[in-house]
2 protein chains.
Amino acid sequence: MTETASRPTLEAVAARAGVSRATASRVVNGGDGVREPLVERVRQAVEELGYVPNQAARSLVTRRHDAVAVVIAEPETRVFADPFFALQLRGISKELTAHDSQLVLLLTEGRDDHTRVGRYLAGGHVDGALVFSLHLDDPLPGLVQRAGLPTVFGGRPGWSDGTRDAVYVDSDNRGGAGVAVRHLLGLGRTRVAHITGALDQTSAVDRLDGFREAAPDPDPRLIAEGDFTPGGGERAMRELLERRPDLDAVFAANDLTAAGALRVLRECGRRVPEDVAVVGFDDMLPVAEQTDPALTTVRQPIEEMGRLMARLLVGGEASSVVLPTTLVRRVSA
Amino acid sequence: MTETASRPTLEAVAARAGVSRATASRVVNGGDGVREPLVERVRQAVEELGYVPNQAARSLVTRRHDAVAVVIAEPETRVFADPFFALQLRGISKELTAHDSQLVLLLTEGRDDHTRVGRYLAGGHVDGALVFSLHLDDPLPGLVQRAGLPTVFGGRPGWSDGTRDAVYVDSDNRGGAGVAVRHLLGLGRTRVAHITGALDQTSAVDRLDGFREAAPDPDPRLIAEGDFTPGGGERAMRELLERRPDLDAVFAANDLTAAGALRVLRECGRRVPEDVAVVGFDDMLPVAEQTDPALTTVRQPIEEMGRLMARLLVGGEASSVVLPTTLVRRVSA
DNA sequence: TCGGGCTCCGAGAGCGCTCTCATCCGGTGC
DNA sequence: GCACCGGATGAGAGCGCTCTCGGAGCCCGA
């Protein structure tokens, strides 16, 4: 799988255009300070020979790579069950493309992969890293920071070693949760329950905090732990119905969880939204629009988050951003 | 976003170990032909200095990159609505990791992106390419082949210019469709309908062919065009019910389509599977297991396909592979 | 006419690595 | 004891590019 065809070099282009390698290089890199006739000759030579610069040689001297790593820690299969990352990737890709940067994807599973990723990042292949750190105790953030690369995190990283001043992009999980709860209160509900996400992730913790802050009834029996999956939503919903059969609203940590909850509610004969109002989180379209009834949910701008992460990284910004969320009203609440 | 910290070079390692650069290089690359005491000294120097080889310099001379491009043509948003690519990526990533290769992700949207991708591939950044060509008229396959890179396609590419002898990995769409239809026949159904996928994709065409081959009733009114989305499934299902209200089974081109169809069937008061049996395709777990009733479907080994693509590419194999599908029986048929 | 400042171009030195080749060494066979 | 051989090591030549720097040419004012 070695490259065979020997590509034309700058030298060849220069020769054909009758100029020096230096001039050819200048033209290839924008052509400033080269007079028009020469520019034209070089351009033509490039065209004729089908010259494409050798990136390795270029990187060797410029120490730039025009590439950033996207690190996705993915211990569970779950990650791919929702299109969350895919959407973020898309945003990232768009932004990087606009900056002529490439996207190197590093998926990790398990601890040994971490050292591999650490080595790669330290190896100077990329100009920066975008890291999705899913878990509170994840060693990845620390590892990456130690590699000394500019880094932007997707979602607030947990407070492990040295990530305190990390740059990250997150959505306003806490605020969004508050909006969801207040919306339910506005509908006259008073016994609002919450199904959490996987609590080893900051997003789940923040949403829980937001819920607690806004919830009218602090009864801990109104909170059940989920894991961001439909199955988890089902289990938690059953638990809640058993503990507090009088509940009249549920705020689920994400749309998939809400979908599970809806199924259980229907199964138990509770009408949505009449008996129990349900609000999700994410506004994952293929999910939220397809549930029965269609899901009222807190939208976070997922693709935009990806785009922003990339922009912060290549722009060399130094501050985190928390994007606002909005409530999308459908039928379920 | 330029890299600042100046990393130690091989030269430095050699100096510290008291050997020549050549010997240091030998040790770093496996240590063959170097006597034990020296190997040890070099290893230690590497350790102490935290030396990591500069990949750009290495590529410059070896002309290898230990990286492959994954090209995903994604004109529609749809692609990310199902976890199909995510799963394939996962398989690819695993295999590449095992071969110490990196994964460079190129997402394209629209025609201008194609030239960008073509340039990149021709630019000699990667050792090969894995290409997902979604559409029959896609210029991408031809473009890639012209770049002269070893390439493996995900899914049978359409017969455009020069892709006739392309290497690809696909699942047995035609055969799988046949199995689905025969399963329905085995249940005593005689008026089996089909909702196709987006017919500009070979997978949809092949499934349709398989259906036609096995279907008991060749009435064209039993075939409605979908687009692999739940919405498309709904539309097509309504169409079918109107045209042939007597239908007693539906084979949907994928699980998402089936999910849409199920919704319409329920809405129209048809019981599944009693009145109408439904079979999907993919065995996309979060979808197939969560439908009501749970979906009987044709499973294709998605992650395995990704893995295999990567293996064919790095292994330099020359032949395409079509993986078998299996029927997964649940409730809907 | 001449010097000074400009702009434009080319020569050449590296970036950090690999790999060929010459060198050197100890051991062997005669 | 000597030529020989083979394995271990080092010297050095690039890989293809960028970028500094000096020189060449030009236009201007004096």
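The side chain of B:Ala22 has D:dG12 as its nearest neighbour among D:dT18, D:dG12, C:dA11. You'll find that the side chain of B:Val61 is closest to C:dC17, out of C:dC17, C:dA11, C:dC15. Closest approach to the B:Tyr51 side chain among D:dC19, C:dC9, C:dC17 is made by C:dC17 (side chain taken as heavy atoms from C-beta onward). Distance from the side chain of B:Arg63 is smallest to D:dG16 among D:dG12, D:dG16, D:dT18.
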*For side-chain contact (heavy atoms from CB on, under 4.5 Å), just list the numbers for B:Thr97 and A:Arg116, CA-CA rounded to whole Å, side-chain angles, deciding distance to a tenth of an Å, and then say yes or no.*
CA-CA 9 Å; B:Thr97 297; A:Arg116 174 178 67 87; 3.2 Å; yes
*Decide yes or no on side-chain contact (heavy atoms from CB on, under 4.5 Å) for B:Ile72 and B:Leu106, but give the supporting numbers first.*
CA-CA 6 Å; B:Ile72 300 185; B:Leu106 305 177; over 6 Å; no
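Contact annotation: B:Thr23 side-chain N/O to D:dG10 OP1/OP2 distance is under 4.0 Å. One finds no side-chain N or O of B:Arg21 lying less than 4.0 angstrom from the OP1 or OP2 phosphate oxygen of C:dG16. Residue B:Ser25 places at least one side-chain N or O closer than 4.0 Å to OP1 or OP2 of C:dT18. Applying the 4.0 Å criterion to OP1 and OP2 of D:dG10, one finds that B:Ser20 has a side-chain N or O inside that range. A:Arg58 has a side-chain polar atom (N or O) that falls below the 4.0 Å cut-off from OP1 or OP2 of D:dT18.
Annotation for A:Glu36: atom CD counts as buried by contact number, over 12 foreign heavy atoms lying within 6.0 Å.
For B:Gln55 and C:dC17, the CD to C1' distance is 10 Å, given to the nearest whole Å. Rounded to whole angstrom, the span from the CZ atom of A:Arg26 across to the P atom of C:dT7 amounts to 14 Å. For B:Leu60 and C:dG14, the CG to P distance is 17 Å, given to the nearest whole Å. Computed from coordinates, the A:Glu36 CD to C:dC8 P distance equals 12 Å when rounded to whole Å. If you take CG of B:Leu10 and P of C:dC19, they are 12 Å apart, rounded to a whole angstrom. For the pair B:Asn54 CG and D:dG16 P, the interatomic distance rounds to 17 Å; values are reported in whole Å. The separation between B:Glu11 atom CD and C:dC15 atom P is 10 Å, rounded to whole Å. One atom, CG of B:Asn29, and another, C1' of C:dC19, lie 11 Å apart when rounded to the nearest Å.
With no hydrogens or angles considered, a side-chain donor-acceptor pair links A:Gln44 and A:Glu48 at under 3.5 Å. Side chains of B:Arg58 and B:Asn29: a donor on one and an acceptor on the other come within 3.5 Å.
Counting heavy atoms from C-beta outward, A:Val131 and A:Val152 have side chains that stay 4.5 Å or more apart.
Using cut-offs of 30° and 60° for the angle between ring planes, the B:His125 and B:Tyr120 rings count as parallel.
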Check nucleotides 22-28 of chain C against the protein and report each pair of N or O atoms closer than 3.5 Å, with its distance, or say if there are none.
none

